[in-house]
Q: 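Before I ask anything, let me first share the structure, which is written out below as structure tokens.
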Amino acid sequence: MKSGGKSFGKPPELHDWDLTPREAIAVQRTLREQIRTDLQIVNPRMIAGVDVAYDKPTGQSIATVALLEYPELRLAGSATVRMETPFPYVPGLLSFRELPPILQAFQKIETAVDLIFVDGHGQAHPRQMGIASHLGLWLRLPTIGIGKSRLCGAYEEPGPAKGDCSDLVYQNRLVGRVLRTRTGVRPIFVSVGYGLPLEDCIRWALAVTPRYRLPEPIRFADRLAGEAKKVK
DNA sequence: GCGACAG
DNA sequence: ATCTTGTCGC
């Protein structure tokens, strides 16, 4: 089945966000079973990138959703939210810290989105429930996890050319791929977020990464969040 | 017990 | 994530 672009109202809540680390882990274990990878992206028109910046002085988080037209990859809009950081940084529990602000930002988006790139892992996570998977499940939209470094799993260094990649394996399971998006630069970690099979995630990641190490949606979101932090 | 550890 | 300038190289 294919996924149609849709806008954002207030999706039915899967769980509460005010949790202890222990409870958060329990939630992840139940959510992992709900991840599906049988969707397809047909003629995507709008692709989103999300990222969160942290303002040390105030302890606040700034989340930005950047909207890019596809295949032009031009910025078509964005939404930014600034709020108190709700959860400490705990490896493996990043979504409980960054999704509250990210979801707030999405509520300000009126445009239909077909695919979302997230700055963080999806299934390349100890419980296969990284922030990309959590967001996709919450919004019921296809998401792809893009990590700049490894959280878990073993892998061989991929080849030196753009497009070269290797498997990221964790507990005997293929949880993602280490992809060289540009010759001469460190590879990125691509993993299934929600909706699409890994092969499609690699394909779409390359489709929106024409020149730099990171996908354009992520780069725009990162830049916009950084600028929003300065405005303060 | 020890090392690892997205952003 | 953030703290931070210039600098080497394509």
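Remember, predicted model here, so these are calculated numbers, not experimental data.
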Q: Can you hop from A/Phe8 to A/Trp17 via hydrophobic side chains spaced under 4.5 Å?
A: yes
Q: Determine the contact category for A/Ile102: base if any of its heavy atoms lies under 4.0 Å from a base atom, sugar-phosphate if only primed atoms, P, OP1 or OP2 are that close, otherwise nothing.
A: nothing
Q: Apart from A/Leu151 itself, which Ile, Leu, Val, Met, Phe, Trp or Tyr residues share its cluster (side-chain heavy atoms under 4.5 Å, direct or through members)?
A: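 None; A/Leu151 is a cluster of one.
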Q: Let me see the working for A/Asp119 and A/Lys148 under salt bridge (charged side-chain N to carboxylate O under 4.0 Å, His left out), right down to the final yes or no.
A: CA-CA 8 Å; A/Asp119 189 349; A/Lys148 297 186 289 296; 2.8 Å; yes
Q: Heavy atoms under 4.0 Å, any strand shown: does A/Gly184 hit a base, just sugar-phosphate, or nothing?
A: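 The answer is nothing, as A/Gly184 stays clear of every strand by at least 4.0 Å.
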Q: Along DNA chain B, 5' to 3', what are the outermost nucleotides having an atom less than 4.0 Å from a heavy atom of chain A?
A: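 For DNA chain B, the relevant span reads B/dA4 to B/dG7.
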Q: Determine whether more than 12 heavy atoms belonging to other residues, nucleotides or ligands lie under 6.0 Å from atom CG of A/Asn43.
A: no
Q: May I have the list of side-chain donor-acceptor pairs in residues 92-106 of chain A shorter than 3.5 Å, sequence neighbours left out?
A:
from, atom 1, to, atom 2, distance (Å)
A/Ser95, OG, A/His134, ND1, 2.9
A/Arg97, NH1, A/Phe87, O, 2.9

Q: Can a donor-acceptor pair be found, under 3.5 Å and without considering hydrogens, that links the side chain of A/Thr181 to the backbone of A/Leu214?
A: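 Here the side-chain-to-backbone pair does not exist.
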Q: How does protein reach along nucleotides 4-10 of chain C, written 5' to 3' as B (base within reach of a heavy atom under 4.0 Å), S (only sugar-phosphate), or - (no contact)?
A: -------
Q: Any chance you could pull the hydrophobic cluster mates of A/Tyr170, using side-chain heavy atoms under 4.5 angstrom and chaining through other members?
A: A/Tyr155, A/Leu168, A/Val175, A/Val178, A/Phe189
Q: For DNA chain C, list all stems, counting runs of three or more consecutive pairs where every pair is Watson-Crick or G-U wobble with both distances under 3.5 Å.
A: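 The stems: there are none.
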Q: State whether the number of non-hydrogen atoms from other residues, nucleotides or ligands found under 6.0 Å of A/Arg173 atom CZ is greater than 12.
A: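 Atom CZ in A/Arg173 is packed in, count exceeds 12.
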Q: Grab the two heavy atoms, one from A/Phe220 and one from A/Leu75, that are nearest each other, plus how far apart they are.
A: CE2-CB, 3.9 Å
Q: Could you give the NZ-to-C1' distance, from A/Lys230 to C/dT2, as a whole number of Å?
A: 13 Å
Q: Go through the steps to decide whether A/Lys230 and A/Glu227 satisfy the test salt bridge (charged side-chain N to carboxylate O under 4.0 Å, His left out), and finish with yes or no.
A: CA-CA 5 Å; A/Lys230 290 184 177 182; A/Glu227 293 177 353; over 6 Å; no
Q: Under 4.0 Å from OP1 or OP2 of C/dA1: is there any side-chain N or O of A/Lys229 that close?
A: no
